There are 2 protein chains.
Amino acid sequence: MTPPAKTSANPLFLRDEELRQGIEMLFYAYRDFIAEPDAILRRSGFGRAHHRVIYFVGRYPDTTVSALLDILQITKQSLSRVLGQLVRDGYIQQVKGPQDRRQRLLRLTEKGRDMELKLTEDQRARFARAYRDAGVEAVDGFRKVMLGLLTRDEDRDRFKRLDNGSR
Amino acid sequence: MTPPAKTSANPLFLRDEELRQGIEMLFYAYRDFIAEPDAILRRSGFGRAHHRVIYFVGRYPDTTVSALLDILQITKQSLSRVLGQLVRDGYIQQVKGPQDRRQRLLRLTEKGRDMELKLTEDQRARFARAYRDAGVEAVDGFRKVMLGLLTRDEDRDRFKRLDNGSR
DNA sequence: AATATACGTCAGCATTGTTGACATATATCG
DNA sequence: CGATATATGTCAACAATGCTGACGTATATT
(Lines give C-alpha, C1' and ligand atoms only; values in the text may rest on other atoms or scores of the structure.)
Protein backbone atom coordinates (compact mmCIF):
# COMPACT_ATOMS: atom_id res chain seq x y z
CA MET A 1 0.00 0.00 0.00
CA THR A 2 2.99 2.31 -0.26
CA PRO A 3 3.10 4.72 -3.21
CA PRO A 4 5.84 4.16 -5.80
CA ALA A 5 9.07 5.51 -4.38
CA LYS A 6 11.34 7.76 -6.37
CA THR A 7 14.43 5.68 -5.99
CA SER A 8 16.74 4.38 -8.68
CA ALA A 9 15.66 0.90 -7.72
CA ASN A 10 12.10 1.68 -8.82
CA PRO A 11 11.51 0.83 -12.49
CA LEU A 12 8.52 3.19 -12.73
CA PHE A 13 10.65 6.14 -11.73
CA LEU A 14 13.35 5.10 -14.15
CA ARG A 15 10.85 4.98 -16.92
CA ASP A 16 9.44 8.41 -16.12
CA GLU A 17 12.95 9.82 -15.95
CA GLU A 18 13.70 8.36 -19.38
CA LEU A 19 10.54 9.81 -20.88
CA ARG A 20 11.20 13.23 -19.38
CA GLN A 21 14.71 13.23 -20.74
CA GLY A 22 13.18 12.67 -24.15
CA ILE A 23 10.81 15.57 -23.66
CA GLU A 24 13.65 17.82 -22.63
CA MET A 25 15.99 16.76 -25.40
CA LEU A 26 13.31 17.68 -27.88
CA PHE A 27 12.87 21.05 -26.22
CA TYR A 28 16.59 21.87 -26.14
CA ALA A 29 17.22 20.58 -29.64
CA TYR A 30 14.41 22.65 -31.08
CA ARG A 31 15.44 25.70 -29.09
CA ASP A 32 18.99 25.54 -30.43
CA PHE A 33 17.81 24.52 -33.86
CA ILE A 34 15.88 27.71 -34.49
CA ALA A 35 18.22 30.16 -32.77
CA GLU A 36 20.47 30.94 -35.72
CA PRO A 37 17.78 31.18 -38.44
CA ASP A 38 15.75 33.37 -36.09
CA ALA A 39 18.66 35.77 -35.77
CA ILE A 40 19.09 35.97 -39.55
CA LEU A 41 15.35 36.44 -40.10
CA ARG A 42 15.25 39.20 -37.55
CA ARG A 43 17.82 41.20 -39.51
CA SER A 44 15.76 40.66 -42.69
CA GLY A 45 12.56 41.81 -41.05
CA PHE A 46 11.02 38.36 -41.14
CA GLY A 47 10.04 35.80 -38.54
CA ARG A 48 10.06 32.09 -37.98
CA ALA A 49 6.83 31.63 -39.89
CA HIS A 50 8.46 33.03 -43.01
CA HIS A 51 11.25 30.53 -42.68
CA ARG A 52 8.85 27.62 -42.50
CA VAL A 53 7.05 28.76 -45.63
CA ILE A 54 10.27 29.33 -47.55
CA TYR A 55 11.60 25.99 -46.44
CA PHE A 56 8.65 23.88 -47.47
CA VAL A 57 8.01 25.71 -50.71
CA GLY A 58 11.65 25.06 -51.54
CA ARG A 59 11.27 21.45 -50.54
CA TYR A 60 8.07 20.83 -52.49
CA PRO A 61 8.15 23.12 -55.54
CA ASP A 62 4.76 23.84 -57.09
CA THR A 63 2.99 22.80 -53.95
CA THR A 64 -0.51 24.12 -53.33
CA VAL A 65 -1.62 26.40 -50.56
CA SER A 66 -3.75 23.60 -49.09
CA ALA A 67 -0.81 21.22 -48.98
CA LEU A 68 1.26 23.84 -47.23
CA LEU A 69 -1.51 24.43 -44.71
CA ASP A 70 -1.62 20.72 -44.03
CA ILE A 71 2.09 20.65 -43.33
CA LEU A 72 2.21 23.73 -41.15
CA GLN A 73 -1.06 23.03 -39.36
CA ILE A 74 -2.04 26.66 -39.11
CA THR A 75 -5.04 28.58 -40.42
CA LYS A 76 -5.10 30.00 -43.90
CA GLN A 77 -5.34 33.48 -42.41
CA SER A 78 -2.08 32.98 -40.55
CA LEU A 79 -0.39 31.58 -43.62
CA SER A 80 -1.83 34.28 -45.85
CA ARG A 81 -0.13 37.01 -43.90
CA VAL A 82 3.39 35.67 -44.27
CA LEU A 83 2.87 34.21 -47.72
CA GLY A 84 1.59 37.54 -48.99
CA GLN A 85 4.68 39.29 -47.71
CA LEU A 86 6.98 36.74 -49.29
CA VAL A 87 5.22 37.08 -52.64
CA ARG A 88 5.24 40.87 -52.51
CA ASP A 89 8.92 40.91 -51.57
CA GLY A 90 9.83 38.59 -54.42
CA TYR A 91 10.82 35.45 -52.56
CA ILE A 92 7.95 33.32 -53.76
CA GLN A 93 6.12 33.15 -57.05
CA GLN A 94 2.56 31.98 -57.58
CA VAL A 95 1.31 30.31 -60.73
CA LYS A 96 -2.15 29.07 -61.55
CA GLY A 97 -2.56 25.33 -61.42
CA PRO A 98 -2.54 23.88 -64.97
CA GLN A 99 -5.14 21.22 -64.17
CA ASP A 100 -7.12 22.92 -61.45
CA ARG A 101 -7.00 26.63 -62.11
CA ARG A 102 -8.28 27.48 -58.65
CA GLN A 103 -4.94 26.45 -57.22
CA ARG A 104 -2.01 28.78 -56.75
CA LEU A 105 1.13 26.70 -57.07
CA LEU A 106 4.03 28.06 -55.06
CA ARG A 107 7.69 28.12 -55.96
CA LEU A 108 10.80 29.95 -54.83
CA THR A 109 12.36 32.67 -56.95
CA GLU A 110 16.15 32.96 -57.22
CA LYS A 111 16.02 35.39 -54.32
CA GLY A 112 13.91 32.91 -52.38
CA ARG A 113 16.31 30.09 -53.12
CA ASP A 114 19.24 32.17 -51.88
CA MET A 115 17.40 32.98 -48.69
CA GLU A 116 16.43 29.35 -48.16
CA LEU A 117 20.04 28.21 -48.40
CA LYS A 118 21.21 30.94 -46.07
CA LEU A 119 18.55 30.10 -43.51
CA THR A 120 19.08 26.35 -43.46
CA GLU A 121 22.86 26.48 -43.64
CA ASP A 122 23.29 26.29 -39.88
CA GLN A 123 20.57 23.68 -39.51
CA ARG A 124 22.08 21.43 -42.13
CA ALA A 125 25.53 21.84 -40.60
CA ARG A 126 24.05 21.00 -37.21
CA PHE A 127 22.59 17.74 -38.48
CA ALA A 128 25.73 16.93 -40.44
CA ARG A 129 27.79 17.22 -37.29
CA ALA A 130 25.33 15.32 -35.09
CA TYR A 131 24.97 12.52 -37.65
CA ARG A 132 28.70 12.25 -38.19
CA ASP A 133 29.48 12.14 -34.48
CA ALA A 134 26.72 9.67 -33.69
CA GLY A 135 27.32 7.21 -36.51
CA VAL A 136 25.02 5.58 -39.04
CA GLU A 137 23.52 3.14 -36.60
CA ALA A 138 22.54 5.92 -34.20
CA VAL A 139 21.06 7.89 -37.08
CA ASP A 140 18.88 4.93 -37.88
CA GLY A 141 17.67 4.79 -34.29
CA PHE A 142 17.10 8.51 -34.30
CA ARG A 143 14.90 8.26 -37.36
CA LYS A 144 12.91 5.38 -35.91
CA VAL A 145 12.14 7.26 -32.72
CA MET A 146 11.36 10.53 -34.48
CA LEU A 147 8.90 8.81 -36.79
CA GLY A 148 7.34 7.11 -33.80
CA LEU A 149 6.70 10.49 -32.22
CA LEU A 150 4.58 11.67 -35.11
CA THR A 151 0.81 11.65 -34.95
CA ARG A 152 -0.09 10.88 -38.55
CA ASP A 153 0.99 8.10 -40.88
CA GLU A 154 0.80 10.47 -43.80
CA ASP A 155 3.63 12.47 -42.25
CA ARG A 156 5.66 9.33 -41.66
CA ASP A 157 5.18 8.54 -45.34
CA ARG A 158 7.11 11.67 -46.26
CA PHE A 159 10.26 9.90 -45.10
CA LYS A 160 10.84 7.07 -47.44
CA ARG A 161 13.97 5.09 -46.87
CA LEU A 162 17.10 6.67 -48.30
CA ASP A 163 18.49 4.64 -51.18
CA ASN A 164 22.10 4.89 -52.25
CA GLY A 165 21.46 2.85 -55.39
CA SER A 166 23.96 0.15 -54.47
CA ARG A 167 21.79 -2.86 -55.19
CA MET B 1 33.29 21.38 -64.68
CA THR B 2 29.73 20.18 -64.36
CA PRO B 3 27.80 21.17 -61.24
CA PRO B 4 26.79 18.41 -58.84
CA ALA B 5 23.78 16.66 -60.30
CA LYS B 6 20.70 15.89 -58.26
CA THR B 7 20.58 12.21 -58.97
CA SER B 8 20.43 9.33 -56.57
CA ALA B 9 23.88 8.34 -57.77
CA ASN B 10 25.29 11.60 -56.43
CA PRO B 11 26.51 11.28 -52.85
CA LEU B 12 26.26 15.03 -52.23
CA PHE B 13 22.59 15.01 -53.06
CA LEU B 14 22.01 11.99 -50.91
CA ARG B 15 23.67 13.72 -48.03
CA ASP B 16 21.60 16.88 -48.43
CA GLU B 17 18.45 14.80 -48.64
CA GLU B 18 19.39 13.03 -45.43
CA LEU B 19 20.06 16.29 -43.62
CA ARG B 20 16.81 17.82 -44.82
CA GLN B 21 14.88 14.80 -43.63
CA GLY B 22 16.40 15.39 -40.24
CA ILE B 23 15.33 19.02 -40.31
CA GLU B 24 11.82 18.04 -41.25
CA MET B 25 11.51 15.24 -38.72
CA LEU B 26 12.40 17.72 -36.03
CA PHE B 27 9.79 20.14 -37.31
CA TYR B 28 7.00 17.56 -37.51
CA ALA B 29 7.89 15.97 -34.19
CA TYR B 30 7.86 19.29 -32.42
CA ARG B 31 4.66 20.35 -34.13
CA ASP B 32 2.85 17.21 -33.00
CA PHE B 33 4.53 17.27 -29.63
CA ILE B 34 3.05 20.59 -28.57
CA ALA B 35 -0.38 20.20 -30.17
CA GLU B 36 -2.15 18.50 -27.27
CA PRO B 37 -0.68 20.58 -24.41
CA ASP B 38 -1.44 23.71 -26.43
CA ALA B 39 -5.10 22.69 -26.65
CA ILE B 40 -5.30 22.08 -22.91
CA LEU B 41 -3.56 25.34 -22.11
CA ARG B 42 -5.89 27.26 -24.35
CA ARG B 43 -8.87 26.03 -22.33
CA SER B 44 -7.12 27.06 -19.12
CA GLY B 45 -6.33 30.52 -20.45
CA PHE B 46 -2.61 29.89 -20.61
CA GLY B 47 -0.08 29.55 -23.40
CA ARG B 48 2.91 27.48 -24.34
CA ALA B 49 5.22 29.69 -22.32
CA HIS B 50 3.33 28.81 -19.17
CA HIS B 51 3.79 25.14 -19.89
CA ARG B 52 7.52 25.50 -20.25
CA VAL B 53 7.79 27.30 -16.93
CA ILE B 54 5.58 24.79 -15.13
CA TYR B 55 7.51 21.93 -16.65
CA PHE B 56 10.98 23.05 -15.69
CA VAL B 57 10.01 24.28 -12.25
CA GLY B 58 8.52 20.84 -11.71
CA ARG B 59 11.66 19.24 -13.04
CA TYR B 60 14.08 21.32 -11.00
CA PRO B 61 12.32 22.23 -7.74
CA ASP B 62 13.75 25.24 -5.93
CA THR B 63 15.45 26.43 -9.07
CA THR B 64 16.32 30.10 -9.34
CA VAL B 65 14.91 32.58 -11.81
CA SER B 66 18.33 32.91 -13.43
CA ALA B 67 18.63 29.17 -13.94
CA LEU B 68 15.21 29.12 -15.53
CA LEU B 69 16.16 31.98 -17.82
CA ASP B 70 19.24 30.07 -18.88
CA ILE B 71 17.13 27.06 -19.77
CA LEU B 72 14.42 28.91 -21.63
CA GLN B 73 16.76 31.37 -23.30
CA ILE B 74 14.32 34.25 -23.14
CA THR B 75 14.51 37.65 -21.48
CA LYS B 76 13.59 38.13 -17.87
CA GLN B 77 10.78 40.43 -18.94
CA SER B 78 9.24 37.65 -21.02
CA LEU B 79 9.60 35.18 -18.20
CA SER B 80 8.33 37.65 -15.64
CA ARG B 81 5.02 37.99 -17.40
CA VAL B 82 4.11 34.33 -17.35
CA LEU B 83 5.81 33.57 -14.06
CA GLY B 84 3.86 36.36 -12.39
CA GLN B 85 0.60 34.93 -13.65
CA LEU B 86 1.47 31.45 -12.46
CA VAL B 87 2.37 32.74 -9.00
CA ARG B 88 -0.76 34.88 -8.75
CA ASP B 89 -2.94 31.97 -9.87
CA GLY B 90 -1.39 29.64 -7.32
CA TYR B 91 0.52 27.25 -9.56
CA ILE B 92 3.98 28.28 -8.44
CA GLN B 93 5.32 29.34 -5.09
CA GLN B 94 8.35 31.56 -4.49
CA VAL B 95 10.60 31.31 -1.44
CA LYS B 96 13.64 33.38 -0.58
CA GLY B 97 16.93 31.62 -1.06
CA PRO B 98 18.28 30.44 2.31
CA GLN B 99 21.91 31.15 1.40
CA ASP B 100 21.49 34.00 -1.05
CA ARG B 101 18.43 35.94 0.00
CA ARG B 102 18.27 37.80 -3.31
CA GLN B 103 17.13 34.64 -5.00
CA ARG B 104 13.51 33.60 -5.35
CA LEU B 105 13.46 29.82 -5.45
CA LEU B 106 10.58 28.41 -7.46
CA ARG B 107 8.51 25.34 -6.77
CA LEU B 108 5.17 23.95 -7.87
CA THR B 109 2.16 23.98 -5.57
CA GLU B 110 -0.20 21.00 -5.47
CA LYS B 111 -2.28 22.76 -8.08
CA GLY B 112 0.83 23.30 -10.16
CA ARG B 113 1.83 19.68 -9.84
CA ASP B 114 -1.61 18.56 -11.03
CA MET B 115 -1.40 20.85 -14.02
CA GLU B 116 2.09 19.67 -14.86
CA LEU B 117 1.02 16.04 -14.94
CA LYS B 118 -2.02 16.85 -17.03
CA LEU B 119 0.03 18.83 -19.52
CA THR B 120 2.81 16.29 -19.98
CA GLU B 121 0.57 13.25 -19.98
CA ASP B 122 0.29 13.15 -23.76
CA GLN B 123 3.96 13.97 -24.24
CA ARG B 124 5.09 11.19 -21.95
CA ALA B 125 2.72 8.74 -23.61
CA ARG B 126 4.06 9.82 -26.97
CA PHE B 127 7.64 9.07 -25.97
CA ALA B 128 6.63 5.85 -24.27
CA ARG B 129 5.06 4.62 -27.48
CA ALA B 130 7.90 5.80 -29.72
CA TYR B 131 10.54 4.28 -27.44
CA ARG B 132 8.69 1.01 -27.12
CA ASP B 133 8.12 0.67 -30.87
CA ALA B 134 11.68 1.62 -31.75
CA GLY B 135 13.50 -0.53 -29.24
CA VAL B 136 16.28 0.20 -26.75
CA GLU B 137 19.01 0.31 -29.36
CA ALA B 138 17.16 2.90 -31.39
CA VAL B 139 16.52 4.95 -28.27
CA ASP B 140 20.23 5.00 -27.65
CA GLY B 141 20.85 6.26 -31.16
CA PHE B 142 18.12 8.82 -30.76
CA ARG B 143 19.73 10.19 -27.63
CA LYS B 144 23.16 10.33 -29.25
CA VAL B 145 21.89 12.34 -32.20
CA MET B 146 19.74 14.63 -30.09
CA LEU B 147 22.64 15.47 -27.83
CA GLY B 148 24.78 16.10 -30.88
CA LEU B 149 22.29 18.68 -32.09
CA LEU B 150 22.68 20.80 -28.97
CA THR B 151 24.82 23.90 -28.93
CA ARG B 152 26.16 23.84 -25.39
CA ASP B 153 27.96 21.16 -23.42
CA GLU B 154 26.25 22.35 -20.27
CA ASP B 155 22.93 21.32 -21.76
CA ARG B 156 24.32 17.94 -22.76
CA ASP B 157 25.44 17.53 -19.16
CA ARG B 158 21.82 17.61 -18.04
CA PHE B 159 21.43 14.13 -19.53
CA LYS B 160 23.58 11.85 -17.50
CA ARG B 161 23.37 8.23 -18.42
CA LEU B 162 20.38 6.43 -17.00
CA ASP B 163 21.43 3.94 -14.33
CA ASN B 164 19.24 0.99 -13.42
CA GLY B 165 21.45 0.19 -10.45
CA SER B 166 22.36 -3.27 -11.75
CA ARG B 167 26.09 -3.13 -11.22
C1' DA C 1 -28.14 25.44 -62.20
C1' DA C 2 -26.78 24.38 -57.58
C1' DT C 3 -23.21 23.30 -54.67
C1' DA C 4 -18.54 22.51 -53.23
C1' DT C 5 -13.76 23.69 -53.24
C1' DA C 6 -9.41 26.64 -53.47
C1' DC C 7 -7.96 30.70 -52.21
C1' DG C 8 -7.96 35.56 -50.59
C1' DT C 9 -9.09 39.37 -47.40
C1' DC C 10 -10.50 42.37 -43.53
C1' DA C 11 -10.87 42.98 -38.68
C1' DG C 12 -10.01 42.09 -33.99
C1' DC C 13 -7.84 39.65 -30.25
C1' DA C 14 -4.33 36.87 -27.34
C1' DT C 15 0.21 35.14 -26.54
C1' DT C 16 4.93 35.70 -26.42
C1' DG C 17 9.02 37.35 -27.85
C1' DT C 18 11.92 41.85 -28.05
C1' DT C 19 14.33 46.48 -26.33
C1' DG C 20 15.05 50.13 -23.04
C1' DA C 21 14.80 52.25 -18.71
C1' DC C 22 14.63 52.20 -13.92
C1' DA C 23 14.08 50.29 -8.91
C1' DT C 24 15.13 47.39 -4.79
C1' DA C 25 17.34 44.17 -1.98
C1' DT C 26 21.27 41.76 -0.92
C1' DA C 27 26.00 40.05 -1.59
C1' DT C 28 30.77 40.84 -2.33
C1' DC C 29 35.03 43.33 -2.69
C1' DG C 30 38.62 46.62 -1.64
C1' DC D 1 32.45 50.74 5.78
C1' DG D 2 31.50 52.25 1.19
C1' DA D 3 31.49 51.11 -3.63
C1' DT D 4 30.10 47.93 -6.81
C1' DA D 5 28.02 43.83 -8.60
C1' DT D 6 24.27 40.61 -8.75
C1' DA D 7 19.36 38.71 -8.48
C1' DT D 8 15.10 40.02 -9.33
C1' DG D 9 11.05 42.91 -10.49
C1' DT D 10 8.46 46.36 -13.17
C1' DC D 11 6.58 49.60 -16.68
C1' DA D 12 5.99 50.63 -21.44
C1' DA D 13 5.99 50.00 -26.27
C1' DC D 14 6.46 47.22 -30.27
C1' DA D 15 6.56 43.07 -33.52
C1' DA D 16 5.50 38.41 -34.93
C1' DT D 17 2.24 34.87 -35.19
C1' DG D 18 -1.31 32.21 -33.69
C1' DC D 19 -6.66 32.36 -33.41
C1' DT D 20 -11.93 33.24 -34.67
C1' DG D 21 -15.49 35.07 -37.58
C1' DA D 22 -17.29 36.93 -41.67
C1' DC D 23 -17.39 37.59 -46.42
C1' DG D 24 -15.89 37.43 -51.53
C1' DT D 25 -14.32 35.42 -56.08
C1' DA D 26 -13.04 32.03 -59.29
C1' DT D 27 -13.39 27.53 -60.79
C1' DA D 28 -14.68 22.66 -60.46
C1' DT D 29 -18.06 19.16 -59.68
C1' DT D 30 -22.61 17.21 -59.37
Side-chain angles (χ1 to χ4, degrees), chain A residues 27 30-31 34-35 37-55 57 62-89 92-106 119, chain B residues 27 30-31 34-57 62-89 92-106 119:
Chain A
F27 166 76
Y30 195 75
R31 182 199 67 180
I34 59 182
D38 273 8
I40 297 172
L41 289 157
R42 193 149 242 283
R43 284 177 244 132
S44 307
F46 287 142
R48 200 175 297 171
H50 299 85
H51 185 191
R52 293 202 273 255
V53 172
I54 287 179
Y55 181 87
V57 169
D62 286 347
T63 193
T64 65
V65 173
S66 319
L68 198 48
L69 285 174
D70 183 64
I71 288 174
L72 301 176
Q73 300 266 287
I74 58 176
T75 60
K76 64 172 177 175
Q77 293 94 323
S78 294
L79 172 58
S80 178
R81 190 161 34 201
V82 295
L83 183 55
Q85 291 171 29
L86 290 170
V87 169
R88 272 196 300 283
D89 292 358
I92 287 181
Q93 182 188 353
Q94 289 174 311
V95 302
K96 282 199 177 185
Q99 279 90 35
D100 189 332
R101 289 165 47 80
R102 291 172 302 181
Q103 298 176 336
R104 298 287 175 273
L105 307 187
L106 308 172
L119 285 174
Chain B
F27 166 76
Y30 195 77
R31 182 200 68 179
I34 59 182
E36 174 65 15
D38 274 7
I40 297 172
L41 289 157
R42 192 151 243 283
R43 283 176 246 133
S44 308
F46 288 142
R48 199 175 297 171
H50 299 86
H51 185 191
R52 292 203 274 257
V53 172
I54 286 178
Y55 181 87
F56 283 108
V57 169
D62 286 347
T63 193
T64 65
V65 172
S66 318
L68 197 49
L69 285 173
D70 183 65
I71 288 174
L72 301 175
Q73 299 268 285
I74 59 177
T75 60
K76 64 172 178 174
Q77 293 94 326
S78 295
L79 172 59
S80 178
R81 192 162 34 201
V82 294
L83 183 55
Q85 290 171 31
L86 291 170
V87 169
R88 273 194 300 282
D89 292 358
I92 286 180
Q93 180 187 356
Q94 289 174 311
V95 303
K96 283 199 177 186
Q99 279 89 35
D100 189 333
R101 289 164 47 80
R102 291 171 302 181
Q103 297 176 337
R104 297 288 175 275
L105 306 188
L106 308 172
L119 285 174

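Remember, it's a predicted structure, so these values are computed and weren't measured experimentally. Chain letters run A, B, ... following the sequence lines, proteins first, then strands; residues in each count from 1.
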Which whole-number value in Å describes the distance from [X] [atom1] to [N] [atom2]?
X: A:Arg43; N: D:dA16; atom1: CZ; atom2: C1'; result: 17 Å
X: A:Gln99; N: C:dT5; atom1: CD; atom2: C1'; result: 16 Å
X: B:His50; N: D:dG18; atom1: NE2; atom2: C1'; result: 15 Å
X: B:Arg102; N: C:dT24; atom1: CZ; atom2: C1'; result: 12 Å
X: A:Leu83; N: C:dT9; atom1: CG; atom2: C1'; result: 13 Å
X: B:His51; N: C:dT15; atom1: NE2; atom2: P; result: 17 Å
X: A:Gln103; N: D:dT25; atom1: CD; atom2: C1'; result: 16 Å
X: B:Leu86; N: C:dT15; atom1: CG; atom2: P; result: 12 Å

Report all interatomic pairs (protein N or O, nucleotide N or O of nucleotides 18-20 of chain C) with separations under 3.5 Å.
from, atom 1, to, atom 2, distance (Å)
C:dT18, OP2, B:Thr75, N, 2.8
C:dT18, OP2, B:Thr75, OG1, 3.0
C:dT18, OP2, B:Ser78, OG, 3.2
C:dG20, N7, B:Gln77, NE2, 3.4
C:dG20, O6, B:Gln77, NE2, 2.9

Quick check on [N]: is either OP1 or OP2 less than 4.0 Å from any side-chain nitrogen or oxygen of [X]?
X: A:Lys96; N: D:dT27; answer: yes
X: B:Gln94; N: D:dG9; answer: yes
X: B:Arg101; N: C:dT26; answer: yes

query: What is the distance from atom CG of B:Leu83 to atom CG of B:Leu72, rounded to the nearest 0.5 Å?
result: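 Between atom CG of B:Leu83 and atom CG of B:Leu72 there are 10.0 Å.
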
- prompt: Are B:Phe56 and A:Phe27 close enough that their ring centers fall under 6.0 Å?
  reply: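 Yes - the distance between ring centres of B:Phe56 and A:Phe27 falls below the 6.0 Å cut-off.
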
field: Close side-chain approach of B:Lys96 to B:Arg104, heavy-atom, < 4.5 Å
entry: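 When only atoms from C-beta onward are counted, B:Arg104 and B:Lys96 do touch, with a gap below 4.5 Å.
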
query: Less than 4.5 Å apart, any side-chain heavy atom of A:Gln94 and any of A:Leu106?
result: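 In contact.
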
query: Only one of A:Val82, A:Leu86, A:Ile40 forms a side chain to side chain contact (heavy atoms under 4.5 Å, CB included) with A:Phe46, so which one is it?
result: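 Going through A:Val82, A:Leu86, A:Ile40 one by one, the side chain to side chain contact (heavy atoms under 4.5 Å, CB included) with A:Phe46 is satisfied by A:Leu86 alone.
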
- prompt: Listed by chain and number, what are the side chain to side chain contact (heavy atoms under 4.5 Å, CB included) partners of B:Ala67, not counting sequence neighbours?
  reply: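 Partners of B:Ala67 by the side chain to side chain contact (heavy atoms under 4.5 Å, CB included) criterion, ordered by chain and then number, come out as B:Thr63, B:Thr64.
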
- prompt: What heavy-atom pair brings B:Pro37 and B:Leu119 nearest, and what distance separates the two atoms?
  reply: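 What the structure gives for the nearest pair is CG-O, 3.7 Å.
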
query: Which residue, A:Asp100 or B:Val65, contacts DNA chain D at a nucleotide closer to its 5' end, judged by nearest heavy atom?
result: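 Nearer the 5' end of the strand: B:Val65.
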
